[in-house]
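Scope of the values below: all heavy atoms of this structure, side chains included, with no hydrogens, waters or symmetry mates. Bear in mind the structure is a predicted one, so any value in this text is a computation, not a measurement.
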Amino acid sequence: MIEERVTAITGSPVRSLRRVKGGGYAVSYRAVAELADGRSVFVKAGAEEVTSAFLRDEQRVYAAVRGPFMPELIGMDEAEPPVLVLEDLSGARWPPPWDDGAVRAVRATLDAVAATPPPAWLPPITEMSEQLLGGWAEIERNPEPFLSLGICSAAWLDASLSVLRAAAESAPLAGDALLHVDVRSDNICLTERGAVLVDWNWAHVGNPSVDVASWLPSLANEGGPRPEDVLPGEGKLAAAVAGFFAARAGLPPPPTAPYVRAVQLSQLRAALPWAARELGLPPVG
């Protein structure tokens, strides 16, 4: 029982558990627990093999990384399914809407993340090069899922594909900074101590601009500034981000992440025009 495990972790009996809908892709168990000692805590548990594996990765990060950009770790249970108990951030502000202060807060947090020494065991993001940089190559092999989205014409893709692929495949990933890798609005909340990032299961080591670039399409979609106004001159990263979404948004959703394709399509609608503008391509259409 989740209640018994949360009680063991927190040292206080659980009075109630309120399931909450996560903003992310996966279908992991998420709830706010009200404890007998008056505290409320956030509870996250694996729901099946995939989400349990993600949560175990996340548990390792919470055990090793400290900073104001991290939710406070209350405790965790590594038995199956794994359980993670964190501070309850439901009372914080979760964007959108965005304003200049919120954008500055996230930029400051990403700077702080990049300045934090990463655990020695974190893998380099270059191990994900094929996954992160190979989207346009996949579209070149099989363009139909992408074209079925109606984002652009076949003629536009034919004229632009070689430039997009070359730029994406040369995007700078390598570096020695701590990376979150999945920065987007539903993983960001604004607190009195600054912007806090949740869902750390994709943490790697690499170029800190990768975290900024991954955030910008959702920021633009939600009324924030254009990506190039926040991160100018990064056409290669823009092409990589656009290719990542373009190669996936037209595919059937995996059973463990039924909402992922709609989110990826939304991201693509901002990322592809950004890449086109930075690379001097014709307007997407």
How close do [X] and [Y] get, counting heavy atoms only, and between which atoms?
X: Glu278; Y: Leu231; result: OE2-O, 4.2 Å
X: Ser209; Y: Leu237; result: CB-CD1, 3.7 Å
X: Ala213; Y: Pro217; result: O-CD, 3.2 Å
X: Ile74; Y: Arg39; result: CG2-NH1, 4.2 Å
X: Asn187; Y: Asp182; result: ND2-O, 2.9 Å
X: Trp94; Y: Ile188; result: CE3-O, 3.1 Å

Can a donor-acceptor pair be found, under 3.5 Å and without considering hydrogens, that links the side chain of [X] to the backbone of [Y]?
X: Arg107; Y: Val230; answer: yes
X: Thr109; Y: Val106; answer: no
X: Trp200; Y: Val65; answer: no
X: Gln131; Y: Phe244; answer: no
X: Thr116; Y: Ala112; answer: yes
X: Trp156; Y: Pro282; answer: yes
X: Arg193; Y: Pro68; answer: yes
X: Ser170; Y: Ala167; answer: yes
X: Asp211; Y: Leu110; answer: no
X: Thr126; Y: Ala174; answer: no

Approximate separation, where rounding is to 0.5 Å, of [X] [atom1] and [Y] [atom2]:
X: Ile125; Y: Asn207; atom1: CD1; atom2: CG; answer: 8.5 Å
X: Arg15; Y: Thr7; atom1: CZ; atom2: OG1; answer: 12.0 Å
X: Glu34; Y: Ser12; atom1: CD; atom2: OG; answer: 10.5 Å
X: Arg66; Y: Met70; atom1: CZ; atom2: CE; answer: 7.5 Å

Trace of the salt bridge (charged side-chain N to carboxylate O under 4.0 Å, His left out) decision for Arg18 with Asp88: CA-CA 12 Å; Arg18 173 174 54 85; Asp88 176 17; 5.3 Å; no
Would you check, one step at a time, whether the test salt bridge (charged side-chain N to carboxylate O under 4.0 Å, His left out) holds for Arg30 with Asp199? CA-CA 12 Å; Arg30 298 165 185 260; Asp199 288 1; 3.4 Å; yes
Does atom CD of Glu49 have more than 12 heavy-atom neighbours, drawn from other residues, nucleotides or ligands, at distances under 6.0 Å? no
Using a 6.0 Å cut-off, check whether atom CG of Asp57 has over 12 heavy atoms from anything other than its own residue. yes
Quick check: is Leu89 connected to Leu73 through a chain of hydrophobic side chains (ILVMFWY, heavy atoms under 4.5 Å apart)? no
Answer yes if Leu190 and Val196 sit in the same cluster of Ile, Leu, Val, Met, Phe, Trp and Tyr residues linked by side chain heavy atoms under 4.5 Å apart, and no otherwise. no
Dump the intermediate steps for salt bridge (charged side-chain N to carboxylate O under 4.0 Å, His left out) on Glu80 and Arg56, then the final yes or no. CA-CA 10 Å; Glu80 188 61 38; Arg56 292 191 188 285; 2.7 Å; yes
